[in-house]
Amino acid sequence: MKFTVPRGTRDILYPEIVLWQQIEDRARRIFSVYNYREVRTPIFEETELFERSMGESSDVVQKQMLNLASQKVDVDGKPLLSGLSLRPEGTAAVVRSYIQNNLHKKERISKFFYIGPMFRGERPQKGRLRQFHQIGVEVIGANTASPYLDAEVIALSVELLKSFGLKRFKLKINTLGSSSDKDKFSGILRSLLEPKISLLCDDCQQRFDRNVFRVLDCKNKRCRDIVNSLDINYSYLSEESIQYYEQVKAILRDLGIEFEESMSLVRGLDYYTHIVFEIAFDSLGSQDALGAGGRYNNLVHELGGPQVDAVGFALGIERILLAGHYDENTISSHIDCFIISMESVGLRQAFILLNKLRSNGICCDLGYIGGSIKSQMRMANRAGARFVIIFGEEEIKNNEITVKDMNDGSQKRISLSNVLQYLKEKL
Ligand code: AMP
């Protein structure tokens, strides 16, 4: 019997895993600089939470939700996993947690970050998986609809990407305005698109009724041409919404953050209001978005919480790795010391020494499987050992070991009881 990873998922092995750890470590460092706290929510939640937050008409809810199913019943006779789905994104769960834990009563403003897997039933292709990983933030609190916070999260996303070594990404921003501006906008869009509806792709013909904004970011060439030919302008925006947008842009300019305005940037989820943004990386092809986000001032209330404002974003780790073209050959492992033992008597003492060194914080390993000195030296080299300790026959008789400095090839006999001290001085 042969098992393979499920379609659209992958194993992350050494050396690639080192790149993941570097990205996660850098992200954590920057989050602490920005004073954001980590939140970990379950990887599955009630399906309805996602339907209500992302919108029943969104592509994710319509086509990509991975629902859990099981014949098992709970103690109360209810099906165990019914009504639950793997999380397709992070925002809904963070908001659910914010509400459930009454955080609005405990702090004026909550600044969260998360790093973890998300799940969508997509057709897998380059940069598009069924299990992928996001680094995201959410800033939630009453009266926090401040253009400075929009600018903060945008600056934070740019800072993260820079810290991963990415340069040629493009920040696109737009505003959808308030909920009532958005309603006006969808009316205008429908009337502009109505005469051309039969020319749209099948998906967009459905989107026309369900979620007309999505037509604007359809990847189909004909739909794009139609969208480009539309006379879209900001006539639907209230004076306040325009002012808010202008302020965000002015602050971004103050910070020296380059951006492009894109009126066709709308984001597919219902919950966004006002600022939306996306960061694209050209050479990634059709899946070119490294990340995206925006403001969602009504979602917490719509999910049963207090009327508080919120803004956030999520970056996709797989796409960051594709864009970064990181060279796995530059990754090498290092340990302080590798212990080689030539015979079973030696193995016992070697194992005791190994544990003594480890409990003193020295990174080391042992050639458990024996074999010739040569083959164990190869293991030591592969492990990137700085020192090799050899338990040979002669050495054991005299309660000694040979220690080899792999930097200069020099060797030295020292007494077993002095090894720890010797290594501590050298390392
Ligand atoms: P979205 O919520 O769709 O805007 O996703 C935010 C970011 O997550 C995207 O810009 C991608 O970097 C990443 N992402 C979303 N869906 C996938 C997927 N199926 N596979 C890989 N990355 C994804």
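What you see below is based on every heavy atom in this structure, not just the backbone, and it leaves out hydrogens, waters and symmetry mates. Atoms within a ligand are numbered from 1 in the order they appear, just like the ligands themselves. Residue numbers count from 1 along this sequence.
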For atom 14 (N) of ligand 1, which of Phe119, Phe132, Phe313, Phe281 has the closest heavy atom? Phe132
Measure across Thr144 and Arg108 and return the closest heavy-atom pair with its distance rounded to 0.1 Å. CG2-O, 4.3 Å
Pick one of side chain, backbone, both or neither for how Glu89 approaches ligand 1, counting any non-hydrogen atom pair under 4.0 Å. neither
Nitrogen or oxygen of Ala314 less than 3.5 angstrom from that of ligand 1: no
Is there a nitrogen or oxygen of Gly316 sitting under 3.5 Å from a nitrogen or oxygen of ligand 1? yes
Proximity winner for atom 9 (C) of ligand 1, if only heavy atoms of Ala289, Gly136, Ala280, Gly127 are counted: Ala289
Under 4.0 Å to a heavy atom of Gly291 - the qualifying atoms of ligand 1, by number: 10 (O)
Please evaluate residues Val388 and Val403 with respect to the criterion side-chain contact (heavy atoms from CB on, under 4.5 Å), reporting the C-alpha separation (whole Å), side-chain torsions for both, the decisive distance (0.1 Å), and the verdict. CA-CA 6 Å; Val388 174; Val403 57; over 6 Å; no
Distance, nearest 0.5 Å, that separates CD1 of Ile140 from NE2 of His104: 12.0 Å
Parallel under 30°, tilted from 30 to 60°, perpendicular over 60°: which one fits the rings of Phe277 and Phe313? perpendicular
Out of curiosity, Arg214 CZ to Cys223 SG, how far, rounded to the nearest 0.5 Å? 12.0 Å
Atom indices of ligand 1 within 4.0 angstrom of Glu122 heavy atoms, with elements: 16 (N), 18 (C), 19 (N)
Tell me the closest heavy-atom pair linking Lys404 and Gly409, and the distance in Å. CE-O, 3.9 Å
Tightest non-hydrogen contact, residues Gln134 and Phe132, listed as NE2-CE1, 3.6 Å
With backbone taken as N, CA, C and O and side chain as the heavy atoms from C-beta onward, which portion of Leu290 lies under 4.0 Å from ligand 1: side chain, backbone, both, or neither? backbone
Note the single closest protein heavy atom to atom 11 (C) of ligand 1, along with its residue, its atom name and the distance in Å. Arg319 NH1, 3.4 Å
Exercise: identify the closest heavy-atom pair between Pro88 and Met118: O-CB, 3.8 Å
Just going by heavy-atom distances, which of Arg267, Glu318, His133, Gln134 is nearest to atom 7 (C) of ligand 1? Gln134
Would you mind listing which atoms of ligand 1 come within a distance below 4.0 Å of any non-hydrogen atom of Leu129? 18 (C), 19 (N), 20 (N), 21 (C)
